[in-house]
Amino acid sequence: MVSLPWMTLLPVLILAAGTVAVLALDIAWPAARQAHLTLISLTLVAAAAATIPGIRMSPGDSLTALCAPSGGLCLYEVSAAESLLQLLACVSALLVVLLAWRDWAHGEGGRTAVLSALLLAATTGVVALSGVGDVASLLVAIELATLPTVALVALEHRTRRQPGAIDAAVALLTTSLASFALLALGAALWFVSTGTAILSPEALIGQTGSDRVVLALAGVFALAGIAFKLSAVPFHAWTPVTYAAAPLPITAYLSTTSKVAAVGGLLVIVQAVTGAGISAVGVVLGVVAALSLTLGHVIALVQGDSVGLLAWSSVAQGGWVVLPLATLAPGATSLAVGYLVIYLLATMALWIVIVAFANDPARPDGTSMHWMRGILRRQPALGLAMLFALLTLAGLPPAVAGLLAKIGVISPVAAQGFWWLALVAAINVPLGLAVYLRWAWLILDPLPAPDSEAQVAKVFLPPLWSMVLGLLTAALIALSIWPVMFR
Amino acid sequence: MIWLLLAVFAPLLGALGLPLLARLVPKAPARVLGVGSLGFAIATLTGVVGTVLERPKVSLEWIPALGVRFDLAVDGISAPLLLLTGLMGVVATAVPAHIDADNAPGAAVESSRLALYYACLLGTIFGAVICFLAGDALVFFIGFECVLLPMWLLIAQFGDPAPQALARAASLRFLMVTALGSTLMLIGLLAVAASTGTTNLQVWAQLAGSTFSRPQGLVVAGLLVLGLSFKVPVWPLHTWLPWVHSSAPSAGSILLAAVLLKLGTYGLVRLVIPVVPAGFATIAPVLGGFAVVGIIWAGLACLVERDLKRLIAWSSIAHLGFVVLGLASGTEAGMQAALFGNVAHGVISGLLFVVVGALKHEWGGADLGTPHASLREAAPHWGFALIFGFAASMGLPGLAGFWGEFGAIYAAWTPAPGRPGGFFVLLAVGAAVGAALAAAYSARVLREVWGGERTKPAIADAGRIELLVVAALVVIVVGLGVYPSLLLDSTAPVVSTLLTGAP
């Protein structure tokens with residue numbers, strides 16, 4: 001008999017039920033677009049609330065469900081850090097709904113129900129991924145988190161970005177399928193070498209010789225299969241293509257909620273192999289981190305479009321998240337999660353501004369960075385919020401939260417004496433400054449001589465957006481003073 | 001306690017409050033902002049003086065996951081540097097701002113722009129105060145990083161307007177080089193933290209590197225010294241400094257030379273020498289060698305440099321070479337000389353940048369070839385300040401510069417046991433040659449700027465506030481020169497505990 005504690009599974013169950021409910025509502029009342037959007041918002045809020053008990057646990061504890069009656073091996077297990085990931089997934093998805101609301105409620109085409117259901121389904125996958133305890137669930141959860149986003153990318157209808165949307169979706173789909181193959185191979189090798197599908201350190205007890213080689217291969221393949229969701233180099237190729245053509249709210253989803261999925265999956269695998277001390281996995285993670293950081297920053301330096309810059313910045317930021325995991329040190333996972341929290345808050349703030357610019361009909365090609373020149377003079381509050389978010393990503397005080405997050409991810413690397421990786425990190429800190437301060441400079445710099453009305457026209461933010469932007473900035477400031485993101 | 005709060009919050013509130021004020025009262029006259037920022041700087045100085053006298057200690061829980069506590073404290077080494085920071089904050093906010101309106105030279109400056117300028121000055125001071133107060137390595141690091149953004153803005157936004165691209169390039173170079181250095185230092189700090197299990201500087205000094213194996217200690221000391229060398233700067237990592245000084249506004253130059261560079265040398269004293277003594281001892285000859293090469297290199301550069309501000313920057317590199325040489329010698333006398341030279345250079349370079357900044361404004365450029373009246377004829381007050389500054393800078397006995405340089409050469413002549421004596425004697429000789437070069441380039445500058453009979457184009461002499469600032473700095477330079485015990489007595493007890501490792 002398998003135990004089934006409903007409360008533990010609640011975040012996943014709520015989201016799954018919400019997905020079904022949206023489709024049911026569509027059958028009953030197809031025209032009610034606002035009702036659909038309200039329903040998915042409430043579902044996300046409820047799921048977010050359901051993660052709170054898990055977050056309040058002390059660091060050593062975990063919530064388990066679907067456990068075998070003997071042996072205590074479980075198919076679902078969340079620690080406090082993983083509950084935090086689930087919360088982040090729900091909150092970031094909620095922000096995407098906010099950004100997409102106008103399009104989905106008023107745009108042409110009656111696909112609101114489909115879009116809503118896809119969004120919820122993907123988020124269900126993300127939330128489930130943080131808790132999976134075995135390789136089969138891992139495979140299912142990661143596909144659930146990915147395939148709906150492919151459809152969401154393809155369903156762009158705005159004329160400006162539409163021509164590339166199909167290509168973007170295909171790029172994402174191809175990468176995800178290739179990665180799935182790698183992941184499946186990794187899962188198979190895990191099963192071969194351990195004789196169990198459960199992903200836990202206990203499964204590794206008594207491993208010797210050739211088993212360990214197979215196990216190392218399993219870990220490496222599995223990581224390669226998940227890395228694409230983090231846009232980590234060399235699995236990043238889809239990122240610039242997709243970011244450039246997908247609907248902007250969906251791009252925001254890919255750069256926030258999807259990252260949570262990737263980190264959730266990475267944590268599951270890293271925790272499983274940490275105890276066994278399989279250094280090959282660490283080396284692979286280190287190389288991935290080093291490549292992502294360097295390539296991401298260098299290419300972000302020459303971007304002229306805010307979305308392009310965020311695409312490459314997300315590659316580099318993925319590198320920072322992976323960095324501590326490369327040490328396979330026990331405390332590294334919470335540091336990676338702490339970094340992710342800060343990255344998400346800052347990135348969400350930037351997305352609000354970018355989508356606001358893009359929605360403004362006065363500016364064709366609204367995501368180009370030159371529209372933001374001198375914004376600090378025209379709209380100081382908006383400019384300051386952007387500046388703070390950029391400084392957070394750069395890790396420069398007064399955005400102390402960003403700096404502490406960087407200190408956090410570098411600390412295990414320095415502590416364990418991974419000097420080559422530490423050196424790569426040291427070179428990438430100034431590169432990152434150059435990337436984000438180039439943008440910050442545009443915000444600060446006065447407009448030389450406005451050559452069109454559009455350049456000086458104020459950008460409109462709906463009141464709710466302004467409020468959320470204010471909240472995100474306030475959260476970053478609060479975390480700069482009370483850095484509670486590390487647990 | 002109240003003094004400590006004043007020292008920390010006055011610059012912070014000023015940095016945040018002035019832009020807000022300019023926003024709320026868009027027509028606020030420039031005078032109000034200037035006086036306001038001066039008020040905040042004076043409050044900071046008052047707070048710092050009170051803190052130094054009272055010596056309070058603060059220790060707050062901050063980041064338990066990384067084992068970091070928000071520790072602030074003062075001792076004999078940080079006290080003079082805190083006073084220097086407070087004083088230079090007042091000097092920097094008191095000297096005329098001389099900034100142009102956006103893209104329109106000559107037009108009235110918007111109050112928001114002026115407010116940003118003063119906010120940057122106060123922000124830099126805030127970071128430096130945190131740094132010198134820090135009793136925890138990561139708090140030190142955060143203070144270290146806090147100065148970057150305001151300084152970047154000062155140079156990029158308020159630097160030389162002529163080729164603005166040049167100022168931007170210089171500011172970005174400053175930022176990236178310093179960030180690279182500070183990250184290398186951070187890696188070293190984190191390695192020490194992992195090994196000792198704490199980030200408390202006092203505990204680090206007590207453990208004195210006993211938790212490290214020999215190669216580990218060497219790697220960590222190497223990282224820390226390399227990282228801090230970017231900031232000091234030590235030859236050959238100095239290349240960013242002359243550029244930055246020639247583009248920065250004069251208040252920015254004052255803070256950069258008098259305060260920011262001190263963060264680097266203070267870091268060596270606080271984070272390296274007591275923490276990984278064995279590792280540092282191994283590196284010291286190399287570091288000393290670079291320092292002496294820097295002294296001579298910079299001295300030679302000063303003989304040919306045409307830009308007056310860049311020239312002072314080169315001379316800073318030479319002076320900090322003496323400081324580093326004193327530290328490398330590993331003796332008490334050397335460290336005493338280094339700490340003295342550190343403060344002396346802060347005051348003297350502050351004075352010189354006040355003068356040179358004013359001359360640059362009057363001449364319309366800092367190039368020595370710019371046609372200008374000789375100071376002797378046109379501006380005797382500035383002339384006196386310049387002569388005095390260079391006299392102190394070349395290390396004349398009786399002025400503050402003497403003790404640091406003389407002491408460093410003496411310490412290199414008799415280095416700590418274990419250091420290669422013959423090599424250090426060689427270094428002492430090299431440093432003495434460098435000191436002679438200082439006399440040569442000082443004479444060159446004074447001949448071109450002060451001497452001569454040229455009376456056109458005339459320039460205005462120092463105003464009342466500038467005279468007051470110059471007078472105060474002159475008094476300090478003379479005071480430290482004739483009565484060095486004022487400073488040496490403060491640092492002596494701490495120096496001996498730092499070098500022996502005993503609490």
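Computed from a predicted model, the values in this text were never measured in an experiment. We name chains A, B, ... by the order of the sequence lines, and we start the count at 1 in each one.
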*Working to the nearest 0.5 Å, report the span between CD1 of Ile410(A) and CG of Leu189(B).*
11.5 Å
*Would you say Leu335(A) and Leu66(B) make side-chain contact, with heavy atoms under 4.5 Å?*
yes
*asked:* Return the CG to CZ distance between Leu384(A) and Arg23(B), rounded to the nearest 0.5 Å.
replied: 9.5 Å
*Determine whether Lys406(A) and Thr183(B) make a side-chain contact, defined as any pair of heavy atoms from C-beta on separated by less than 4.5 Å.*
no
*Looking at Pro398(A), Ala434(A), Pro397(A), which has the largest count of heavy-atom pairs under 4.5 Å with chain B?*
Pro397(A)
*Side chain, backbone, both or neither: which part of Ile481(A) has a non-hydrogen atom closer than 4.5 Å to chain B?*
backbone
*Given a strict heavy-atom distance threshold of 4.5 Å, which part of Pro380(A) is in contact with chain B: side chain, backbone, both, or neither?*
side chain
*For Leu391(A), is it the side chain, the backbone, both, or neither that has a heavy atom closer than 4.5 Å to a heavy atom of chain B?*
side chain
*Heavy-atom distance under 4.5 Å to chain B: side chain of Ile407(A), backbone, both or neither?*
both
*Straight-line distance of Leu149(B) CG to Leu396(A) CG, nearest 0.5 Å*: 5.0 Å
*Against chain A, label Leu186(B) side chain, backbone, both or neither, depending on which of its atoms sit under 4.5 Å from a heavy atom there.*
side chain
*Would a 4.5 Å heavy-atom cut-off, applied to side chains only, mark Leu172(B) and Trp441(A) as touching?*
no
*How long is the span from the CG atom in Leu404(A) to the CD1 atom in Ile63(B), to the nearest 0.5 Å?*
4.5 Å
_Residue Leu148(B) versus chain A: region with a heavy atom under 4.5 Å_ = side chain
*Looking only at heavy atoms, which two atoms of Leu190(B) and Ser411(A) are closest? And how far apart?*
CD1-CA, 3.5 Å
_Leu223(B) and Trp419(A), any side-chain heavy atoms less than 4.5 Å apart_ = yes
*Trace of the side-chain contact (heavy atoms from CB on, under 4.5 Å) decision for Trp152(B) with Leu433(A)*: CA-CA 11 Å; Trp152(B) 173 67; Leu433(A) 285 181; over 6 Å; no
*Can you name the closest pair of heavy atoms from Pro430(A) and Met176(B) and give their distance?*
CB-O, 3.4 Å
_Heavy-atom contact with chain A under 4.5 Å, split by part of Val219(B)_ = side chain
*Which heavy atom of Ile187(B) sits nearest a heavy atom of Ala414(A), and at what distance?*
O-CB, 3.4 Å
*Give a yes or no on whether Trp240(B) atom CH2 has more than 12 heavy-atom contacts from other residues, nucleotides or ligands under 6.0 Å away.*
yes
